[in-house]
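Residue numbers count from 1 along this sequence.
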Amino acid sequence: MQHLNGASQERVKKKKASPNRLGATLTLILFMVGLPVLSVIGMEFLERGSMSQTMSWLTANQPLFVLNVILTFCLLALVYAIVGSLAISGAIATAVLGLMALISYMKVKMIGEPFFPWDILLNKESMDIASLVTGKAALIRIISVIVIVLIVLALRWIIPRVTISVIARAALGLISLYALYAFGVKTPLASKVIDHAGVSEIVWDQQQNYANNGLALAFTLNVKNSIVQKPDTYNETAIASAAAGIQQAEVSGASGAGLKKAVSLPAGKKPNVIFIMSEAFWDPTLLTNVKFSEDPVPTIHRLQKESASGYLLSPQFGGGTANVEFEVLTGNSMSFLPGGSIPYQQYVSKPLPSLASYFAGMGYKSMGIHSYEGWFWDRNTVYKQLGFETFKSSEYFTNPEIKGYFISDAEVARNITAETDKTENPMFIYTVTMQNHGPYDEPRYGENKFKAEGNLSAQAKSILETYTQGAHDADQSLQMLIDHYAESDEPTMIIFYGDHLPMLGMDYQVYKEAGFISTSNANEWTLEENRKMHSIPLVMWSNFTMPKEDLGTISDSFLGAKVLDMLQLQKPANFALDSEVAKMTPGLLSNLVIDSNGELHAKAPETAQPLLTDYRNVQYDLMFGKQFLASYIDHEYLTKSSQPNYNTELTAAADGEHAEAEGAGKPAASQ
């Protein structure tokens, strides 16, 4: 009887357990499918800022939406395989995806670029930039993500507990990891799936790439772009041909060198060559429908009339200063690198030929000066690889003057003159300022002297006037340098320009209100609007004879070659090639090309393609390839290692000051 009762109770338990297992299984399926679907919708809403736009994208691009869901499912499944708890795994995956969407939203608002895989490498830079982001919209999004993560976590006490075997979890994790890897590196199978879904990867316009494909998919596809693919045209034969072309161009250039005397230098003296890249410097008087109470940049306007001047076509807007440095110093172009990439962070890990190493080989002291911390954009390491002897970052400034949030431009000017005055050898100095770095939301300089008049909102007017006060200070710091070197017997050339246009409010607020652009959607800008939003004033000055010249609009990557030409110096191979490319396409961005007639194109004309192929092959050879070029031309310059005494001058002085300070605190008997 007891046996029968026991069997009966066991059957009842099984009947009760079966529905529980079924419910748990359904919960697992619904959770693993439903959360990724909701996550993709939430991510797109966070980044796009409109549910109607999100749903329009979803309904018009259903295969792409499904791919985004699959990728988020793989992330959730991978976390679940490791953690083993549905709710905790969901909370972790939601936090990661929400953070991605938040970062992408903030980056687009600040500088017009979404979140890339290589942004993860920015470390402290990301935290520094994040501290500058304010605004109600951003705070609402941050709080929303936190609340959603907590809600998902709270499901732990609501949904049935689901357990699967360790083997099944491991298999699920491995499959998910492989799927993420396959999409990240675009394996043949993943490529078929991507092609079948109609994915169009727009690497040259990443904002459009993310808008079309969705955040999760576009981010994953960009993983492979962390490594620059070898051009199909790259091989030793192609580089040998490019080297022959460079040598022929040098012969042709030398034969015509005497036709025009560019400069008149004191006999036997080499000039100081000082590049000043002023943070976010631009001419605010270029804004349409806006007038100022007085001219904020009189020095720039005077030099535009009296000296060599023009405009630089920057690859950046609102940020990415290091990429402008990269183009100017190396002569390489961001056009041949993945959109949104940061060479300083990703690619410069070995000695790379640059203006710094070139001038060092000419007997110059090559020095970098930046009024911010040396770790930013990894300059401490990169400047060594570029051949600088010394890099003076803010850590080596003594009791510097602060204006606004950062070291003043005037303080930087004083440091430049102090360095040239105490150094016997001629100097090549590459200077980066920081004073007028954004944001400009508050009048951080006290009462702004320059009043803007126009059809601007109160907020836009305040932003513009704060920025303009800083631009004026930059202009006056340039005048300080001119006044100093006008009285100096050291021949000196100054090249002054900005790195990019400033971010004047979210969604290009000031530019839009002033009528400078027709829309705040950068994807809808005309070629002319793209040109305007990337053109930075460039002026030059010297205390020796240098003729006035209209430089037109040239890319940052061609500036170095132009300066060497003006100084009548023989250009090394890569800069000689820059000169030839600049003759055909003086302006070269990934989505905007200016030809020799000043006409604008979305892509380079066919006639320029052979020379641009040489340019791309040589850049790949120098940065990632086998350095074939050095076998044919300029071997010593192209294979030069970093300077063995890099920064010993400053570090030794700093150690001495530290020891002296410690000694000053000791009792007299022990000194």
In Å and rounded to the nearest 0.5 Å, what is the [atom1] to [atom2] distance from [X] to [Y]?
X      : Y      : atom1 : atom2 : value
Phe544 : Leu567 : CZ    : CG    : 5.5 Å
Leu312 : Leu551 : CG    : CG    : 8.5 Å
Ser542 : Ile495 : OG    : CD1   : 9.5 Å
Ile416 : Met367 : CD1   : CE    : 10.0 Å

Taking the ring of [Y] and the ring of [X], is the distance between their centroids below 6.0 Å?
X      : Y      : answer
Phe281 : Phe496 : yes
Phe428 : Phe275 : yes
Phe624 : Tyr347 : yes

Exceeds 12 heavy-atom contacts within 6.0 angstrom, atom [atom1] of [X]:
X      : atom1 : value
Lys192 : NZ    : no
Lys548 : NZ    : yes
Gln570 : CD    : no
Lys230 : NZ    : no
Asn645 : CG    : yes
Lys270 : NZ    : yes

Testing the basics here: between [X] and [Y], what is the closest heavy-atom pair and its distance to 0.1 Å?
X      : Y      : answer
Gly498 : Ile536 : N-CG2, 3.3 Å
Leu577 : Asp614 : CD2-O, 3.9 Å
Ser278 : Thr433 : CA-OG1, 3.3 Å
Val228 : Pro338 : CG2-CD, 3.9 Å
Leu629 : Ala573 : CD2-CB, 4.1 Å

Check: [Y] and [X] side chains under 4.5 Å, non-hydrogen atoms:
X      : Y      : answer
His534 : Pro315 : no
Tyr234 : Phe628 : yes
Asn574 : Tyr637 : yes
Pro114 : Leu215 : no

Quiz item: Should the ring pair Phe115 and Phe219 be called parallel, tilted or perpendicular, given that the plane angle runs from 0 to 90° and is split at 30 and 60?
Solution: parallel
Exercise. Return the orientation label for the Tyr178 and Tyr181 ring planes: parallel under 30°, perpendicular over 60°, tilted otherwise.
Key: tilted
Between the main-chain N or O of [Y] and the side-chain N or O of [X], is there a donor-acceptor pair closer than 3.5 Å?
X      : Y      : answer
Ser354 : Leu386 : yes
Asn425 : Lys365 : no
Ser366 : Ala356 : yes
Glu327 : Ser333 : no
Asn647 : Thr390 : no
Asn272 : Met427 : yes
Asp595 : Thr585 : no
Gln627 : Gly625 : yes

Self-check item: Intermediate values then yes/no, salt bridge (Lys or Arg N to Asp or Glu O under 4.0 Å), Arg531 and Glu528
Solution: CA-CA 5 Å; Arg531 183 197 64 78; Glu528 176 59 23; 2.5 Å; yes
Exercise. Please name the residue in the list Tyr358, Tyr383, Phe359 that meets the ring-ring contact (aromatic ring centres under 6.0 Å, His included) test with Phe388.
Key: Tyr383
